[in-house]
There are 2 protein chains.
Amino acid sequence: MKKKPITILDIGEELNISASTVSRALADSSLVNSETKKKVVELAKKYNYQPNFTALSLQSNSTKTIGVLIPNVVHEFFGLVLRGVEDHCHSSGYSCIVYPTNEDPDREISGIKALMTGRVDGVLLSFRGKTNLHIKQLIERNIPLVFFDTADESFATHRVLIDDKKAGYLATKHLIEVGSKKIGFIGGSENINNQLRLEGYKQAVSEAGITIDPQLIVYSLDKSQDEMGLEDSEKLLSVKGIDGIFATTDMFAVGVLKNLKKINLKCPEDIAVIGFSNWAISRVYEPSLSTVEQPGYEMGIKAAELLIDQIKNPETPSDFKTVLIPTEVIVRTSTARGNNVAHST
Amino acid sequence: MKKKPITILDIGEELNISASTVSRALADSSLVNSETKKKVVELAKKYNYQPNFTALSLQSNSTKTIGVLIPNVVHEFFGLVLRGVEDHCHSSGYSCIVYPTNEDPDREISGIKALMTGRVDGVLLSFRGKTNLHIKQLIERNIPLVFFDTADESFATHRVLIDDKKAGYLATKHLIEVGSKKIGFIGGSENINNQLRLEGYKQAVSEAGITIDPQLIVYSLDKSQDEMGLEDSEKLLSVKGIDGIFATTDMFAVGVLKNLKKINLKCPEDIAVIGFSNWAISRVYEPSLSTVEQPGYEMGIKAAELLIDQIKNPETPSDFKTVLIPTEVIVRTSTARGNNVAHST
DNA sequence: TATTCTCATACAAACGTTTGCATTTGTATG
DNA sequence: CATACAAATGCAAACGTTTGTATGAGAATA
């Protein structure tokens, strides 16, 4: 029942020439008579001939495809990364196989395994799990690999990251600049990014001559609902005299804003809040949320660029780059107070 | 420099047996001596042999891969669809090549073209463009195809949709039930889904004995910022006596809520608002937004299921299904008033 | 007329796998 | 001892390309 697609052999048969001549004719080789060329091209068009992709891949030992292991695909930041990756791939003639791992180490492993069978020319990876065993195998197989967002330091690869520590530092420093003295930190799971942001927080606090207070540092494991960390932020807000909060996620920050309304604390007057990522919700929510830009699209573009360059230049590069995508604090209403910023309207 | 991966031939050579025996040994065929089997399996493990995916594909004429053409990947609904698709693929041993078209017809066409070269076993498609010429070619090539979210009626394929008209009807009816009499409609681009939702709106309005008022129906082309349609909703809100709004997107609905605050209209007391999709923001915003559930994940699962079933049963099915994923109105604060619902707290 | 040259085309190998069929070896049966 | 049969393995084709090398015909040169 299934119609077999036209092959160069079929075309050759109809024209009483060999497949190789057809192949060369379609490649516009100078070796073939222009008459024959014309006939071949015509027939190919008539039957809408498309070269078989798999055969080409086998022959050339390249699939023109990359694999993207991404923790979450329902996520503004990772969605932007994916869009960036795809945009660059598209303009370079590559396709993307996407493996959302949903932060599940098993999915991560099975994704990597699938990619070891030669179905992709390279891999883009935001490493979440603990098992780097399989990544090691990828590298041993000489499959080009670029980390984005998070990286395992122990591998010699390109990396595309933001400077999480600096970003955390800048966010906290901004709170200090608008007059906050007792600043809380609330983060999601204790992953490497959040640890670095916390380091930045600590640095800024220390520099301002404030002692670091452990009860002001909270990790929330709230995976329920929309990951707003409502309960944990409530706990944090019960600390007497707290007048600033740095949340490692815009969602957590919005959770804080919500809780503030309940206990009748005014933002930014009584307490300043800053989030992280510059998600749509930070623009839309009221009060609008100050945050740190996390440029996912640019990160995706750059990561794909490095990967595809490496694929095209297969001799192992000796200088692996760590590209830091610049970030900046975006000031909105939730921190609009103090010396350098007008009061919120 | 590039290390060639181990092949079945390499293993055979080392063991002084032919590739075919190795192949059979690894497949645990009864045709091969258990001694040999053991040796082969051991060596394969030692070298971490992985069968070449491309060779397998060429041989079996199947890539165990599907293509997903999706309008937008930074989008809660489409992200959920993608997650559903990927989940089902994962559990069926398939992979997904993702082509975000960004609503660009050229991207759509180039995606379809790429998929015609035999690199995928089937295609999942949310059709946005006007050009169905290429889709026709896909079908002529007997490449299994399933539409999701939107469908071109002219093709004989499976479809997985929501009943947009009914959803629009239910949303509008809900507004009527909570006492709205002069109900505005605000939608994004005039695509097929929005047209159907509008039809539902009109039906509900008519049934309630209200005349349809064209000035209450607005399409917004606002692609700026976060697509909140702020200007257009402002226009809509200037209509005297308006006391209900159905927005075809949660983002548009939030835009309405924002504008309401500016002109000091109270929601839900003065005007009830309902959105569409049940995005995170509808839960988080204040007032929380009533909306219509649009179950992306289920849609993705079902679409992948139909596609993979069709791939596995290649004889053209005579009964193409149109699966309607059920939707329901989710009542929150923005419509919490009237007879059957308690007033908002 | 014989040699060389050019042009156009065909042949065959290669990519890595599976699989139908043939071959080899050994053992049991008549 | 010859035949049959089973078990284990090898051979070769096939999937659809590209590409290096061989082959053929015709024309130009000596």
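Throughout, a chain's letter reflects where its sequence line sits, starting with A, and its residues are numbered from 1.
Following rounding to the nearest Å, B:Phe53 (CZ) and C:dT18 (P) show an atom-to-atom distance of 13 Å. In this structure, B:Glu13 atom CD and C:dT17 atom P are separated by 13 Å, rounded to whole Å. In this entry the distance linking NZ of A:Lys39 with C1' of C:dT9 reads 13 Å, nearest Å. In this structure, CG of B:Asn61 is placed 15 Å from P of D:dA14, rounded to the nearest angstrom. The CD1-C1' distance, from B:Ile8 to C:dT18, rounds to 8 Å in whole Å. Atom CZ of B:Arg119 is separated from atom P of D:dG16 by 17 Å (rounded to the nearest Å). Rounded to whole Å, the distance from CG on A:Leu58 to P on C:dT17 is 9 Å. As a whole-Å value, the separation of B:Ile17 CD1 from C:dT23 P is 21 Å.
Two residues, B:Thr36 and A:Ala19, neighbour DNA chain D, and the one matched to the more 5' nucleotide by heavy-atom proximity is B:Thr36. Residue-to-nucleotide proximity on DNA chain C shows that, of B:Asn52 and B:Leu31, the 5′-proximal contact is made by B:Asn52.
Using cut-offs of 30° and 60° on the angle between ring planes, the pair B:Phe78 and B:His75 is tilted.
The phosphate of C:dT17 (OP1 or OP2) has a side-chain N or O of B:Tyr49 nearer than 4.0 angstrom. Note on B:Thr21: a side-chain N or O is less than 4.0 Å away from OP1 or OP2 of D:dG10. Considering only side-chain N and O atoms, B:Ser60 lies nowhere under 4.0 angstrom from the phosphate OP1 or OP2 of C:dT17. An OP1 or OP2 oxygen of D:dG16 is reached within less than 4.0 angstrom by no side-chain nitrogen or oxygen of A:Thr7. Phosphate contact (OP1/OP2 of D:dG10, side-chain N/O of B:Ser18, threshold under 4.0 Å): present.
With a 3.5 Å limit on both pairing distances and Watson-Crick or G-U wobble geometry required, the stems of 3 or more pairs in DNA chain C span C:1-30 with D:1-30.
Judged purely by distance below 3.5 Å, without hydrogens or angles, the side chains of B:Thr150 and B:Ser126 pair a donor atom with an acceptor atom. In summary, the side chains of B:Tyr297 and B:Asp87 do present a donor paired with an acceptor at a separation below 3.5 Å, with no hydrogens or angles considered.
A donor N or O paired with an acceptor N or O is found under 3.5 Å between the base of C:dG20 and the side-chain atoms of B:Arg24.
Of the candidate nucleotides D:dC15, D:dA12, D:dT9, D:dA12 has the atom nearest to the side chain of B:Ser20. In the set C:dG16, C:dA10, D:dG16, the nucleotide with an atom closest to the side chain of B:Lys4 is C:dG16. Considering only the side chain of A:Gln59, D:dG16 comes nearest among D:dG16, D:dG10, C:dT17.
Salt bridge annotation for B:Asp121-B:Lys312: absent, with no cationic side-chain nitrogen under 4.0 angstrom from a carboxylate oxygen.
Between B:Lys136 and B:Phe155 the shortest side-chain heavy-atom distance falls below 4.5 Å.
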